[in-house]
Amino acid sequence: MALSWNEIKERALNFSKEWADAYNEEADSQQFLVEFFNVFGISRKRVSTFEHKVKKLDDKDGYIDLLWKGTILIEMKSRGKNLDKAYKQAKDYLYGLQQHELPKYILISDFENLRLFDIEENKTIEFKLNELVNNVQHFGYISGYQKKVYKEQDPANIKAAEMMGKLHDRLKEIGYTGHPLEVYLVRILFCLFAEDTTIFDKQMFQDFIEQRTNEDGSDLASKLQELFQVLNTPIEKRYTNIDEQLAGFPYVNGKLFEEPLPIASFDSKMRQALLNCCYIDWSKISPAIFGSMFQSVMNPKERRDLGAHYTSETNILKLIKPLFLDELWKEFESVKDNKNKLIEFHKKLSFLRFLDPACGCGNFLVITYRELRLLELEILRTLNKTGQIEADINSIIWLDVDMMHGIEFEEFPARIAEVAMWLIDHQMNMLISNEFGHYFIRLPLKKAAKIIHGDALEINWENIVSKYNLSFILGNPPFIGSKMMKQNQRNQIVKQFDNADGSGVLDYVTGWYIKTAKFIQDTKIKAAFVSTNSIVQGEQTSILWGQMLYKYNIKIHFAHRTFKWSNEAKGKAAVYCVIIGFANYDVNNKSIFDYDNINGAAHELKAKNINPYLVDAKDILINKSSHPICNVPKMSFGNMPLDGGHLLLSDEEKKEFVLKEPKAEKYILPLISAYEFLNGEKRWCLWLVDAEPSEIKHLPEIMKRIELVKKFRLDSIAPSTKKFADTPTLFRDRNRPTTFIVIPRVSSENRKYIPFGFFDKNSIVSDTCMSIPNGGLFHFGVLMSSMHMAWVKYICGRLKSDYRYSKDIVYNNYPWPEALTDKQIKAIETTAQKVLDVRTDFPKSSLADLYNPLTIPPSLVEAHNDLDKAVDLAYRSQPFPNDANRMVFLFELYEKYTADLFTKSKPKKTKK
């Protein structure tokens with residue numbers, strides 16, 4: 001009787017392990033081959049001859065290492081020898097064999113690599129000895145199994161998900177939708193993976209479809225229904241007369257195939273689509289992109305609404321390594337030489353529990369579990385130094401998928417996550433099997449990750465896992481900005497923050513932060529989330545962290561400063577993110593991971609404290625302030641036209657307008673808007689403040705535009721806009737100071753400095769800029785310095801990664817130098833003027849050109865360096881080595897200035 005495939009796999013693992021350990025230069029090839037055939041239950045007597053003598057073409061004698069007449073010819077070489085030459089030698093032997101002796105296969109091996117040639121099919125399979133367990137199906141003929149043709153498979157990749165997506169779409173089109181469709185696809189996914197990873201026999205699912213269903217697909221749905229029922233039925237409880245192929249499938253359990261589903265319907269194209277999925281090699285799938293692959297199955301619009309951003313393995317490791325993995329490996333290194341301590345450490349691992357309250361398709365849980373199983377494998381290797389591992393391998397593997405918990409808003413990703421955990425568990429079991437030579441598979445499935453389909457902000461997490469059993473909370477909650485949120489989502493956030501002032505402007509991710517902070521009270525649970533960087537910059541920071549720090553006593557343990565969070569899914573949703581690890585208790589060892597380039601690698605900085613701006617400084621919050629904390633000129637918004645574009649003119653439009661209406665030229669003034677200011681382009685506006693009505697009415701081109709402005713304002717649904725229809729000749733805002741400094745409200749973060757500039761009343765500043773009326777050279781110099789830019793970098797809100805300059809957060813809270821001397825002020829003014837002078841040396845270059853990091857002139861770099869030094873020395877006697885030092889100093893100065901809500905030391909005012 002032929003061995004079962006599971007028995008063959010068990011023997012294959014033992015054989016591979018023994019020969020990997022036992023090989024040396026004196027290795028006996030005959031003993032190797034005897035044991036190789038024993039894997040398949042074939043005795044030496046059944047194999048024809050070793051050292052079979054044969055006449056070669058040159059009439060010389062040759063000796064075949066092993067010939068099983070009519071079946072296989074095997075040629076062995078020493079490890080590292082050329083297998084191509086060995087194959088040529090083996091083919092030469094064929095000419096000396098009788099017709100009935102000719103083999104169907106040639107096997108070449110050097111004790112480490114095996115190369116199998118199928119002479120009839122003219123195909124080659126090559127693999128390592130330790131991969132024999134995954135390739136035993138190619139030798140099925142040895143054990144008496146009917147020969148199968150195994151189609152070449154492509155590695156599983158995102159294309160596989162797109163194929164599944166097409167199947168999903170077609171099922172949906174015919175009316176098979178909702179929950180049944182999602183469960184149906186997950187079951188198919190499991191079968192695809194199972195037949196490529198030894199859970200099922202190789203190609204078992206594919207054979208069932210090809211051999212037991214009609215090509216037109218008419219009976220495929222009913223056959224799949226039969227299969228699902230069989231997979232959910234213990235072998236001893238199955239009907240004795242069921243189809244032979246169905247009977248060969250194992251009992252899976254795990255409730256994956258338990259729920260009765262409506263019978264679907266297939267046609268020939270859908271059947272072929274499913275077979276195309278079978279032809280992909282699912283064993284090569286990376287667990288890190290398992291969820292990512294199924295992004296294409298979901299509706300793109302729904303995906304954006306749900307904030308789903310699938311993540312790369314590299315980015316997941318950025319979070320889990322500092323959260324727990326690095327510490328666990330460090331602890332392993334400290335106890336690995338003490339057997340008793342190592343066993344206790346192993347027990348500790350088995351009691352860890354994890355929760356991802358926005359788990360999506362389970363990426364974070366999958367990688368977390370994989371890394372823990374790899375650590376467990378290292379523990380077992382260390383405990384098994386003598387090579388005497390217990391026969392019952394199940395008793396020494398203590399980690400299982402039920403240590404993982406998740407919450408997911410959508411059902412399909414939740415079910416994918418559940419299956420993904422079983423699949424990664426099986427992959428890790430195969431690693432263990434290869435390591436110790438015992439075939440280990442967890443079937444039937446008895447345990448599962450607890451993945452709840454629900455709204456994480458509404459359900460009680462305690463019902464999923466007790467906080468007193470939980471070890472870590474992690475993940476990347478939805479990336480939905482405040483302005484993109486639906487009303488019910490905004491209501492959820494306000495509710496989570498107990499209706500605190502300002503909570504209505506918070507991003508959706510903050511709900512997970514505050515709910516976690518409440519949940520981990522009086523525990524040792526550590527948490528870490530990936531978040532958009534808006535929660536550590538701008539106005540959201542003080543609202544979120546005011547509660548996190550002072551209401552729930554949260555301390556930040558580690559943080560990744562802003563980096564570009566990319567993923568491996570279709571469309572690659574890229575977001576500018578931070579990672580923050582925190583707990584309800586403090587630790588001494590804190591780390592900040594900083595990025596010189598947001599697309600590059602991080603370098604670690606040790607910190608005494610990490611504040612909400614991710615700076616090694618005291619826990620200080622910068623609240624909105626309507627007035628500067630220092631005695632400096634107030635900053636104003638630019639002028640909003642609120643005109644529908646009818647009071648604005650491009651350079652070309654202005655020329656045409658003046659040709660038509662030459663008397664209107666005196667009402668046309670330069671408009672300073674951010675884009676034109678930075679890029680050296682011109683824009684104009686009709687400025688009709690104090691214009692004589694009697695004169696305007698005789699200027700028809702102006703009158704046309706005024707009428708259009710009035711109509712635009714009247715047509716608006718906003719009452720605040722409608723009321724300005726009474727003054728259609730005017731901008732909504734009408735600020736026109738004698739002189740002013742212009743600050744673009746949005747500027748690229750690639751620039752080392754935000755370019756500011758001086759203008760007078762002959763120009764009008766638009767609402768895309770801020771202005772400082774009557775600001776002087778001293779103010780310009782400080783604001784154009786690295787000292788102020790450090791403040792901007794850490795405090796300023798962002799639009800994507802660009803700086804979004806804020807009057808109430810950035811400028812009004814900026815700590816200016818205290819107790820300045822005339823000499824210090826003069827030094828700043830002189831070097832500031834030098835910056836302006838150097839700019840004029842390049843009249844053909846825009847500010848965008850001049851401040852491009854790749855094209856900035858050396859003379860401008862030098863001028864700014866001199867200005868930076870002058871400003872640094874106005875704060876203290878030694879220049880600052882970096883921005884981190886600047887921020888520590890500025891936070892201390894801010895704390896000093898705001899102790900009684902206003903500074904006592906005021907810089908002297910100076911004229912331009």
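These numbers come from a predicted model, not from an experiment. Residues: numbered from 1 along the sequence shown.
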So, do W461 and F519 have ring centers that fall under 6.0 Å from each other?
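Here the rings of F519 and W461 have centres that are less than 6.0 Å from each other.
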Going through the checks in order, is the ring pair (Phe, Tyr, Trp, His ring centres under 6.0 Å) test met by F354 and F324?
CA-CA 11 Å; F354 297 79; F324 64 87; 5.0 Å; yes
Charged N-O contact under 4.0 Å between [X] and [Y]:
| X | Y | value |
| --- | --- | --- |
| K341 | D337 | no |
| D425 | K447 | no |
| E333 | K330 | no |
| R415 | E418 | yes |
| K526 | E327 | yes |
| K446 | D400 | no |

Are the side chains of [Y] and [X] in contact, using a 4.5 Å heavy-atom criterion?
| X | Y | value |
| --- | --- | --- |
| T523 | Y585 | no |
| L380 | N384 | no |
| I554 | Q547 | no |
| I580 | L614 | yes |
| V536 | Y613 | no |
| L355 | F472 | no |
| L328 | L375 | yes |
| M484 | Q489 | no |

Judged by modelled atom types alone, do [X] and [Y] share a side-chain donor-acceptor pair under 3.5 Å?
| X | Y | answer |
| --- | --- | --- |
| E344 | N340 | no |
| E462 | S466 | yes |
| D616 | N609 | no |
| E539 | N623 | no |
| E182 | H453 | no |
| N429 | R373 | yes |
| Y552 | N584 | no |
| E749 | Y576 | no |

Where does the angle between the aromatic ring planes of [X] and [Y] fall among parallel (under 30°), tilted (30 to 60°) and perpendicular (over 60°)?
| X | Y | result |
| --- | --- | --- |
| Y595 | F563 | parallel |
| F257 | F190 | perpendicular |
| F558 | F593 | perpendicular |

Any donor-acceptor pair under 3.5 Å from [X] side chain to [Y] backbone:
| X | Y | value |
| --- | --- | --- |
| S542 | L621 | no |
| S482 | V505 | yes |
| T541 | Q537 | yes |
| E604 | I592 | no |
| D498 | A500 | no |
| E408 | C361 | no |
| K524 | A583 | no |
| R353 | N469 | no |
| S334 | E331 | yes |

Here's one to test your reading of the geometry: is the NZ or CZ of K518 within 45 degrees of the ring axis of Y513 and under 6.0 Å from its centre?
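Because its charged atom misses either the 6.0 Å distance or the 45° angle limit, K518 does not stack over Y513.
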From CD (E371) to NZ (K321), nearest 0.5 Å
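Taking CD in E371 and NZ in K321, the distance rounds to 8.0 Å.
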Report the C-alpha separation of Q487 and N491 in whole Å, then their side-chain angles, then the decisive distance to 0.1 Å, and conclude whether the side chain to side chain donor-acceptor pair (under 3.5 Å) test is met.
CA-CA 6 Å; Q487 189 56 49; N491 294 342; 2.9 Å; yes
For the residue pair I396 and H346, what are the closest heavy atoms and their distance?
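Taking I396 first and H346 second, the nearest heavy atoms are O-CE1, 3.3 Å.
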